[in-house]
Amino acid sequence: MKESEAKKAEDILKKYDKESDTMEYTGLMAKIVAAIAIAFSVFQLYTATFGVLDAQLQRGVHLGFGLALVYLLYPTCKSWSRHRLHPFDLLLAILGAAAPAYIIYEYQNLVLRAGTVSDIDLGVGLLGILLVIEATRRVVGLPMVCVVLAFLAYAFAGPYMPGVLAHRGLTVSQLVSHLYFTTEGIFGIPLGVSSTFIFLFILFGAYLESTGLGKFFIDLANSIAGWASGGPAKVAVLSSGLMGTVSGSSVANVVGTGSLTIPMMKKLGYHKNFAGAVEAAASTGGQLMPPVMGAAAFLMAEFVGVPYIDIVKAAVVPAFLYFAGVWLGVHFEAKRENLKGIPRDQLPKIMTLVRERGHLAIPLILIVYLLVSGYTPMRAALVAIVLSIVCSALRKSTRMKPIEIVRGLENGARNVLGVLVACAAAGIIIGVVTKTGVGLKLASGLLQLSGGMLLPTMFFTMITAIILGMGVPTTANYVITSTIAAPALVQMGVPVLAAHMFVFYFGIIADVTPPVALAAYAGSGISGGNALKTGINASKLAIAAFIIPYIFVLSPVLLMMEGSVVELLFSTVTALAGMIALSSALIGYLAANCLWLERILLVVGGLLMIQPGLLTDAIGLTLFGAVLAYQFKRRKSEAQTV
């Protein structure tokens with residue numbers, strides 16, 4: 001990539017991804033920040049190897065490192081210098097490390113006091129909560145802060161709330177004690193998962209990127225699909241799906257692979273709004289792609305109470321259907337516009353790629369094997385981190401230098417900050433929910449609003465998740481919706497895992513849902529297209545993500561939770577046929593350009609095939625087959641006329 005293009009990609013990433021908009025230190029300050037980040041990673045690796053500390057101690061050290069780095073890397077104001085640390089930020093960085101350190105220093109006394117807080121405890125706890133909220137503003141954004149403040153206000157305003165939302169209300173002392181000195185608030189399950197599984201998987205992803213695995217994935221996708229109709233767009237789908245196995249950020253994935261694939265698509269003939277949409281839709285699906293899904297997947301394993309490998313297994317078929325839907329949309333658009341692929345002689349040879357760089361994918365294959373074999377996610381990630389360094393050394397061209405290994409530790413610590421802060425902020429929300437019982441009250445309200453019917457409940461839950469997803473990251477979105485909305489689905493008989501996967505999916509798809517579609521905005525920034533039109537096109541391509549969650553709630557066999565292999569295959573095939581029908585209807589091409597009546601029939605047939613049931617599948621297949629046969633006949637007639 002040219003230097004100017006790399007700079008443009010970096011600017012776009014900083015514009016649409018707050019986590020990437022950090023200070024740019026040089027000299028001594030850069031070394032100090034690097035040393036803190038490296039020490040953070042070393043602590044995490046040490047405890048993963050020799051055993052984690054007690055919950056509050058492990059999470060306290062994790063939060064202390066995180067807050068210190070946040071205040072050193074993210075300035076108070078955008079207008080402040082990006083090259084010089086402001087004294088105010090230095091003060092907050094020191095306090096950010098000190099507030100959690102107080103828990104570590106006073107741990108035994110806090111345990112003996114058993115929830116009774118002193119005046120000093122109260123002051124430190126209040127400071128810690130405020131520091132987490134301010135860190136959330138800097139890294140995650142104001143929408144998340146507003147959600148946190150709304151829950152805190154509810155904690156105090158309980159006696160003044162109407163109807164079922166009313167409660168006794170909490171004092172400042174009660175709330176601070178619960179949020180900061182127990183494992184029910186800031187130091188709850190989300191931060192616990194961040195301080196163990198999530199950090200190691202993010203560090204693993206940082207090392208895989210350092211080895212050049214991303215470039216290998218793009219080249220591999222080119223060799224597999226670059227020659228086909230609309231080749232570069234299919235390369236974008238395939239490479240983004242592969243990158244999604246190690247990257248949990250939609251925007252970062254768009255910028256990373258889109259800097260290469262979007263110009264290729266435009267050169268081939270795709271409109272700039274469509275080119276940006278392809279990359280946005282494909283990159284957003286990365287968080288749905290096993291084995292290393294978004295950070296929220298690790299939280300789901302804890303909330304649902306199942307091994308992480310069960311989450312991975314449940315995600316396989318839905319992820320396949322999602323990417324199949326995006327691939328089909330790209331294919332039909334290429335056929336409609338008669339877009340050719342790249343000549344084979346200009347593409348890399350697949351066997352040459354595998355021979356020269358295939359060893360870089362070994363750690364990814366191994367981590368799946370270890371998870372399936374019963375290893376804990378933490379142990380599997382630890383082994384995979386070591387193996388990623390070892391595998392890179394197998395060939396001189398991919399070998400990591402010692403300084404690159406050290407930088408991997410620094411990058412891993414930097415990359416975890418967004419998730420860490422989101423988990424800490426989500427802990428505040430969970431703390432208020434557990435202390436006031438508002439979660440069950442909101443779930444009951446949702447059931448009343450939907451009249452106790454499943455489909456309306458699912459619809460309102462979807463809208464809630466999408467709206468939240470426009471302002472808060474996937475991790476926090478999942479925590480909120482799994483606490484408030486998922487219980488409503490469970491009360492209606494939906495399996496717990498299916499209910500949690502439902503809210504997880506819609507939290508992610510918000511990244512391509514207008515009007516606030518960050519992944520689409522990033523794609524339009526690279527393509528030069530219109531952000532809103534790019535978002536609309538991305539939503540069309542990602543139509544699967546709006547439908548698949550309804551399928552696996554109505555038919556949990558797609559999550560491999562129940563049913564036989566035959567039922568799973570039948571449900572998958574019919575759902576895939578439904579995706580073909582819907583994609584062709586939205587794009588306007590199947591075997592030929594679609595008439596308006598054909599598009600209507602394809603939508604109806606597609607939805608019927610997606611709806612579980614032999615009768616609906618039979619009717620849907622009949623409609624689909626009739627449209628396909630008519631188009632073939634019409635195309636043959638037109639060819640004879642010409």
Can you tell me how far the [atom1] atom of [X] sits from the [atom2] atom of [Y], to the nearest 0.5 Å?
{"X": "Ile350", "Y": "Asp219", "atom1": "CD1", "atom2": "CG", "value": "11.5 Å"}
{"X": "Leu72", "Y": "Leu67", "atom1": "CG", "atom2": "CG", "value": "11.0 Å"}
{"X": "Phe181", "Y": "Gln56", "atom1": "CZ", "atom2": "CD", "value": "9.0 Å"}
{"X": "Tyr180", "Y": "Ile103", "atom1": "OH", "atom2": "CD1", "value": "4.5 Å"}
{"X": "Asp89", "Y": "Ile94", "atom1": "CG", "atom2": "CD1", "value": "11.0 Å"}
{"X": "Leu559", "Y": "Met501", "atom1": "CG", "atom2": "CE", "value": "5.5 Å"}

Taking side-chain contact (heavy atoms from CB on, under 4.5 Å) as the criterion, tell me which of Ile133, Ile129, Val132, Val140 meets it with Val148. Ile133

Tell me whether [X] contacts the main-chain N or O of [Y] through its side chain, where contact means a donor paired with an acceptor under 3.5 Å.
{"X": "Thr196", "Y": "Gly192", "answer": "yes"}
{"X": "Ser392", "Y": "Ile389", "answer": "yes"}
{"X": "Ser283", "Y": "Ala280", "answer": "no"}
{"X": "Gln58", "Y": "Ser195", "answer": "yes"}
{"X": "Tyr478", "Y": "Val503", "answer": "no"}
{"X": "Thr211", "Y": "Leu208", "answer": "yes"}

Where do Glu134 and Tyr71 land on the side chain to side chain contact (heavy atoms under 4.5 Å, CB included) test, with the steps shown first? CA-CA 9 Å; Glu134 170 59 11; Tyr71 286 113; 3.3 Å; yes

Go through the steps for His62 and Phe43 under the test ring pair (Phe, Tyr, Trp, His ring centres under 6.0 Å), then give the verdict. CA-CA 9 Å; His62 186 72; Phe43 165 76; 8.1 Å; no

Suppose we screen for side chain to side chain contact (heavy atoms under 4.5 Å, CB included). Which residues come up paired with [X], at least two apart in sequence or across chains?
{"X": "Ala55", "answer": "Arg59, Thr183"}
{"X": "Val433", "answer": "Phe151, Ile429, Val438, Thr483"}
{"X": "Arg399", "answer": "Ala393, Lys396"}
{"X": "Tyr369", "answer": "Leu366, Ser373"}

4.5 Å side-chain heavy-atom contact, [X] and [Y]:
{"X": "Phe303", "Y": "Pro190", "value": "yes"}
{"X": "Val432", "Y": "Leu152", "value": "yes"}
{"X": "Leu203", "Y": "Asn415", "value": "no"}
{"X": "Leu85", "Y": "Tyr25", "value": "yes"}
{"X": "Leu420", "Y": "Val70", "value": "no"}
{"X": "Arg82", "Y": "Asp21", "value": "yes"}
{"X": "Leu364", "Y": "Phe217", "value": "yes"}
{"X": "Ile311", "Y": "Phe298", "value": "no"}

For the rings on Phe552 and Tyr505, is their centre-to-centre separation under 6.0 Å? yes

Would a line drawn from the ring center of Phe50 to the ring center of Tyr46 be shorter than 6.0 Å? yes

Looking at every heavy atom in both [X] and [Y], which two are closest together, and how far apart are they?
{"X": "Ala413", "Y": "Leu69", "result": "CB-CD1, 4.4 Å"}
{"X": "Phe197", "Y": "Pro377", "result": "CD2-CB, 4.1 Å"}
{"X": "Ala297", "Y": "Phe504", "result": "N-CE1, 4.0 Å"}
{"X": "Ala384", "Y": "Ile367", "result": "CB-CD1, 4.0 Å"}

Applying side chain to side chain contact (heavy atoms under 4.5 Å, CB included), run through Met560 and Val317 and close with a yes or a no. CA-CA 8 Å; Met560 302 189 199; Val317 175; 3.8 Å; yes

With side chain to side chain contact (heavy atoms under 4.5 Å, CB included) as the test, would you mind laying out the steps for Val61 and Thr47 before giving the verdict? CA-CA 11 Å; Val61 176; Thr47 54; over 6 Å; no

Please check if the number of heavy atoms outside Tyr375 that lie under 6.0 Å from its OH is greater than 12. no

In chain order, what residues pass the side-chain hydrogen bond (donor to acceptor under 3.5 Å, both in side chains) check against Arg407, with sequence neighbours excluded? none

With no hydrogens and no angle check, do the side chains of Ser210 and Glu404 hold a donor and an acceptor under 3.5 Å apart? no

With no hydrogens and no angle check, do the side chains of Thr76 and Arg138 hold a donor and an acceptor under 3.5 Å apart? yes

What residue pairs, at least two apart or across chains, pass side-chain hydrogen bond (donor to acceptor under 3.5 Å, both in side chains) with a residue in residues 299-318? none

Could you walk me through whether Leu95 and Leu127 pass side chain to side chain contact (heavy atoms under 4.5 Å, CB included), step by step? CA-CA 8 Å; Leu95 292 175; Leu127 175 65; 4.2 Å; yes

